[in-house]
Amino acid sequence: MDALYRDYILDHYKNPRNFGELDPHDLEWHDHNPLCGDELGVHIVVKDGRVADLRFHGQGCAISQAAASITSEELIGLPVEEVAGLDADWVIDQLGIEISPTRRKCALLGLKVMRGATTGDASWPE
Amino acid sequence: MDALYRDYILDHYKNPRNFGELDPHDLEWHDHNPLCGDELGVHIVVKDGRVADLRFHGQGCAISQAAASITSEELIGLPVEEVAGLDADWVIDQLGIEISPTRRKCALLGLKVMRGATTGDASWPE
Amino acid sequence: MGAVAESTLSRLRADFPILDREINGHSLVYLDSAASSQKPRQVIEAMDSFYAHSYGTVHRGVYELGREATELFEGARERIAAFVNWDSDLSIFTRNATEAINLVAYAWGRGNLGPGDEVLITEMEHHSNIVPWQLACEDTGAKLRYLSVPESGELSLDELDAVLAEGRVRLVAVGHVSNVLGTINPVEEIARRARAAGALTLVDGAQSVPQMPVDLRAIDADFYAWTGHKALGPTVGMLHGRRELLKEMRPFLGGGHMISRVEREHSTWNELPWKFEAGTNAIAEAIGLGAAVDYLAAAGMDAVRAHERELTAYALERLPEVAGITLYGPRDVDRRGGVVPFTIEGMHPHDIAELCDREAVCVRAGHHCAQPLMRVLGVGATARASFHVYNTRDDVDRLVHALNGAREVFGL
Amino acid sequence: MGAVAESTLSRLRADFPILDREINGHSLVYLDSAASSQKPRQVIEAMDSFYAHSYGTVHRGVYELGREATELFEGARERIAAFVNWDSDLSIFTRNATEAINLVAYAWGRGNLGPGDEVLITEMEHHSNIVPWQLACEDTGAKLRYLSVPESGELSLDELDAVLAEGRVRLVAVGHVSNVLGTINPVEEIARRARAAGALTLVDGAQSVPQMPVDLRAIDADFYAWTGHKALGPTVGMLHGRRELLKEMRPFLGGGHMISRVEREHSTWNELPWKFEAGTNAIAEAIGLGAAVDYLAAAGMDAVRAHERELTAYALERLPEVAGITLYGPRDVDRRGGVVPFTIEGMHPHDIAELCDREAVCVRAGHHCAQPLMRVLGVGATARASFHVYNTRDDVDRLVHALNGAREVFGL
Ligand SMILES: Cc1ncc(COP(=O)(O)O)c(C=O)c1O
Ligand SMILES: Cc1ncc(COP(=O)(O)O)c(C=O)c1O
């Protein structure tokens, strides 16, 4: 089996969870990866201080789409303030594959926009 | 004997002929060698269409000063219009030494200003 | 003819030391020459031998090393200028093509553009021929306009004429060969029409000089910029310009070597081309580029062009075998250079490139520094294969094999 | 201590292939390192091996060569930044020191200077730290002022304070070490006083980084520019800047790699440091400079400085043996770098250099890109000997011998 393109990664890529838009929504954010032009937007509905619902949309490679999909699943239900504490290692852990430096930003774009929506922080997760 | 710094070259350097200024004068010109900062000015008195008298002044290396000195001797008495016809080969011939590309502009600065004074042509002799 | 071209140039492969590399157990197939070409040992050795035997700065050293360095450096300039048929004193060494274009955008643009003026570029330009004009327009109040890129991938001269006829275009800046589509633009005709309309032309030759005969006197543009690292040389750029323009223009970078006399408040400038070369030049790199053009001239630019054409034709023939592939750019290989962009349904270009790499096939994925063109094509990114003298039909076969393998990984 | 320094570093001579050269039957004595230094084989080999094994462009290639190139390139940046104790994302690769200074003069200067403002430089600046400011002042209406250079060759901090007290200085641009006099300027103190007066400081470190420990955090200037080719590396420059300034500044060169998103009318910029690196970088050269700073760090910059100090002291001791010689620059070798300018009564510097070359002794003659300083010194030109790690006391002896021989040729 391929070390990078595992079955569940390809599954998340082909059938991304929580893909789409949410209207109305409470939070939104949009960003891109300047290296490859990948785009990602997110809509979030907040209830009782938690991420009640979340949809992401955009285009990108298997890694970025799968990472966004997996991240979205983890975020739903989380207290909004806890999103700020998620970092690069957390994403890569969730992905469960080895990410080369070249693909790092692909893997992090999902968390970047989701964190952006909840915290206003536009920087890359470290 | 040194192939470049021949006795007569050093003699012209140490005792430049026609060195100084001429007031009044009919023609004058001033220029420099941007590579080494050497400066040369010339004053010319014209009579009957000929270079009746000429003085040059400035500072520079042995080659540039000797070349100016030797050139000045050749120019005095020449019909002014003939100065335009003198070229780089002529100067180097007069000098009687081999001039490397690095020292070429040193050798030509004298003719450059004297030709400039008589023709208004500010380019380097070719 | 294709087969002849390939067999003639195939002996050159041995000159490229990097082709001995194996990656993941496969021999290297380098298909990213449009980004940067590999270097033959002749180029590497020219620089080495300069460093090991003659290194010194140019124009100022009275000593032997300085003389040798100056001869090697100015000799390289002469051969490079001759290679594209232009005067060597109108041929300026820059950092890269990007800096060459910025030089014009600053030194000509800031002094000559103003409100009401227009700079005309095309939708297929590389960012290096877009952003300098955006900045120059911002500073001067001029307007930036684009010639459109239709489905065919070829510019319309009628549209050019229509825009020129409005009478506001001061400069047309256009790529000679598109780094994405491969389109060979009719720059000679564009320059002619621009001049007739009172506009200057700058040609971005970053993709053309490396792969086809380029005759600047025939093209007769006002500025022509290109870059050595795509032409088998090291990273140094060239700007060729028209004498009157270069004479009139204010310098761009100020500093050592570009001056004649420095007074406290102002300075006067050195002769061409040095007026535009501030500070210590990339001397070894210029010498390296001299060796690269010698190498290309010995191979013969007609043969290089035939080789690129042959490989492109072969790629356009074989790539459609890959299911779900879409190819971009002109269909006619006489009108395109050695670059083939493509996408595959269900697989992002990034993943294509990653999976090709598993078989040591290097292709590029992304926007290729041409985001406006990507929007015109309606894609976020493409994959891209591009060729140089060291590539073979076998490399194209390896690409097709890798792409089919990639589809399998993706379960397509 | 001097003798120790020399013997410690003397083993390094074997690393410099060019020192094997003979010219006119003499072994090479290279005394022009202030113009450009020679390169050790470690630097040449680092570039060769990059070209022969890992060449590719950086940041974009998904394939293995692109990964290796990016690691080598960004790794070099990190080691270079660490070498001068600065953040690597605030350390920008430029063409040379000249371009680094122009970058600031354009990207900061054009946006921040205006009528009533002043740029303060000194009479001992290199043209590369004069002309960019002349052009920027011309464009913005700001005024260029000079700190004077007295007989001692050392700047007066009182004069600095007096000018700063007038309240119009927006930027102080000063060389760390003079390329003519060798003066080591108190840049830490200058930057401190400038900041207190609300002015920024740019330090031209072209002559300092190659020959002494430089700690940018200790100096605490706003911009620091230097150039690789004087520091045993190839031709690539560095600009180090303060984060807030680099963030606020508009880009300088526009093009590939420095953008984040390119729309038709305008663009947004990449993160630091790439925002200021347009087009394809001098990748091999950056890697070469990385090898050069590794080499210097292994030699130890304290040892390099001690070596330069020792040779300068020895030259200042021996040169007065030459009849008619005049030396310039501070007398105290603790306050000067490894460069010794001189003139000889009755012999023009050009002729001195030419005659030294007969004995394979390379010294420079001319205005050293410091015409304003030449006028202050009251000379048209000087000769200049300068040192690096590969020089020895024997080289100084050979210089003295050549100078005495030159005097003989001139019948002095
Ligand atoms: C003090 C000083 N500043 C700036 C420069 C310019 O360096 P570069 O020519 O590499 O731009 C030099 C050397 O030429 C120098 O000595
Ligand atoms: C068409 C085109 N123009 C300009 C450039 C810029 O060249 P460089 O990066 O060497 O400045 C490139 C390549 O990157 C290119 O393909």
Side-chain angles (χ1 to χ4, degrees), chain C residues 17-18 21 23 32 35-36 38-39 44 48 51-53 55 57 60-65 95-99 102 126-128 130-132 134-135 144 146 227 229 234-235 253-256 259 261-262 264-267 278-280 282-284 350 353-354 357 362 364-366 369 371-372, chain D residues 17-18 21 23 32 35-36 38-39 44 48 51-53 55 57 60-65 95-99 102 126-128 130-132 134-135 144 146 227 229 234-235 253-256 259 261-262 264-267 278-280 282-284 350 353-354 357 362 364-366 369 371-372:
Chain C
I18 204 165
R21 252 198 89 158
I23 290 175
D32 198 15
S36 196
Q38 297 299 339
K39 323 299 172 203
I44 303 172
D48 279 4
Y51 281 129
H53 300 295
Y55 185 76
T57 56
R60 313 238 154 186
V62 179
Y63 47 80
E64 177 61 19
L65 295 181
R95 178 179 176 161
N96 48 27
T98 303
E99 197 194 52
N102 278 275
H126 186 279
H127 292 163
S128 292
I130 300 175
V131 183
Q134 290 181 338
L135 294 173
L144 187 63
Y146 288 78
T227 198
H229 68 91
T235 310
L253 303 176
I259 55 87
R261 181 192 286 273
V262 176
R264 291 173 78 98
E265 308 299 327
H266 64 271
S267 300
T280 304
I283 305 169
H350 248 202
E354 175 101 33
D357 183 50
C362 308
R364 175 134 308 213
C369 298
Q371 291 179 8
Chain D
I18 205 166
R21 252 198 89 157
I23 290 174
D32 198 14
S36 198
Q38 297 298 340
K39 322 299 172 204
I44 303 171
D48 279 6
Y51 282 128
H53 300 295
Y55 185 76
T57 56
R60 310 239 158 189
V62 179
Y63 47 78
E64 176 62 18
L65 295 181
R95 178 180 178 161
N96 49 28
T98 302
E99 196 192 53
N102 277 274
H126 187 279
H127 292 164
S128 292
I130 300 176
V131 183
Q134 290 181 337
L135 294 172
L144 187 62
Y146 287 78
T227 198
H229 67 92
T235 309
L253 304 176
I259 54 87
R261 180 191 288 273
V262 176
R264 291 172 78 99
E265 309 298 327
H266 65 270
S267 300
T280 305
I283 307 170
H350 247 203
E354 175 100 34
D357 183 49
C362 308
R364 175 132 306 211
C369 298
Q371 290 180 7

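Proteins come first, then strands; the chains are lettered A, B, ... in the order of their sequence lines, and each starts at number 1. Note that the structure is a prediction, hence the values are computed from the model and not measured.
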Looking at every non-hydrogen atom in both residues, tell me the closest pair between C:Gln38 and D:Tyr51 and how far apart they are. OE1-O, 4.3 Å
As an exercise, state the distance from CG of C:Asn96 to CZ of D:Arg95, rounded to the nearest 0.5 Å. 9.0 Å
Here the gap from C:Ile18 atom CD1 to D:Leu65 atom CG, rounded to the nearest 0.5 Å, amounts to 5.0 Å
So which heavy atom on C:Val62 is nearest to which on D:Asp357, and how close? O-OD2, 4.3 Å
Against chain C, label D:His350 side chain, backbone, both or neither, depending on which of its atoms sit under 4.5 Å from a heavy atom there. both
Which atom of C:Thr57 lies closest to which atom of D:Ser36, heavy atoms considered: CG2-CB, 3.3 Å
Flag the one option from D:Ala353, D:Pro234, D:Gly256 with the top tally of heavy-atom pairs under 4.5 Å to chain C. D:Gly256
Contact winner vs chain D - C:Gly366, C:Ala97, C:Pro372, heavy-atom pairs under 4.5 Å: C:Pro372
When you compare the side chain of C:Thr280 with that of D:Thr227, does any pair of heavy atoms fall below 4.5 Å? no
All heavy atoms of D:Arg21 vs all of C:Glu64, minimum pair found to be NH2-CG, 4.2 Å
Results of side-chain contact (heavy atoms from CB on, under 4.5 Å) for C:Arg261 - residues two or more places apart only: B:His30, B:His32, B:Glu39, C:Glu263, C:Thr268, D:Gln371, D:Arg375
In short, C:Gln134 meets D:Val262 closest at the heavy-atom pair NE2-CG1, 4.2 Å
Chain D contacts, top residue of C:Gly254, C:Gly279, C:Ser128 (heavy-atom pairs, under 4.5 Å): C:Gly254
Residue selection (most heavy-atom pairs with chain C, distance under 4.5 Å) from D:Glu354, D:His266, D:His127: D:His127
Interatomic distance, CG@C:Leu144 vs CZ@D:Arg264, rounded to 0.5 Å, equals 9.0 Å
Report the residues that fulfil side-chain contact (heavy atoms from CB on, under 4.5 Å) with D:Asn102, sequence neighbours left out, ordered by chain and then residue number. C:Leu253, D:Thr98, D:Tyr106, D:Pro132
Given heavy-atom pairs under 4.5 angstrom as the criterion, report whether the side chain, backbone, both or neither of D:Leu135 touches chain C. both
Under a 4.5 Å heavy-atom cut-off, does chain C meet the side chain of D:Ala35, its backbone, both or neither? both
How far apart are the closest heavy atoms of C:Val131 and D:Ser267, and which atoms are they? CG2-OG, 3.9 Å
Taking C:Tyr55 for its side chain and D:Lys39 for its backbone only, find out whether a donor-acceptor pair lies under 3.5 Å. no
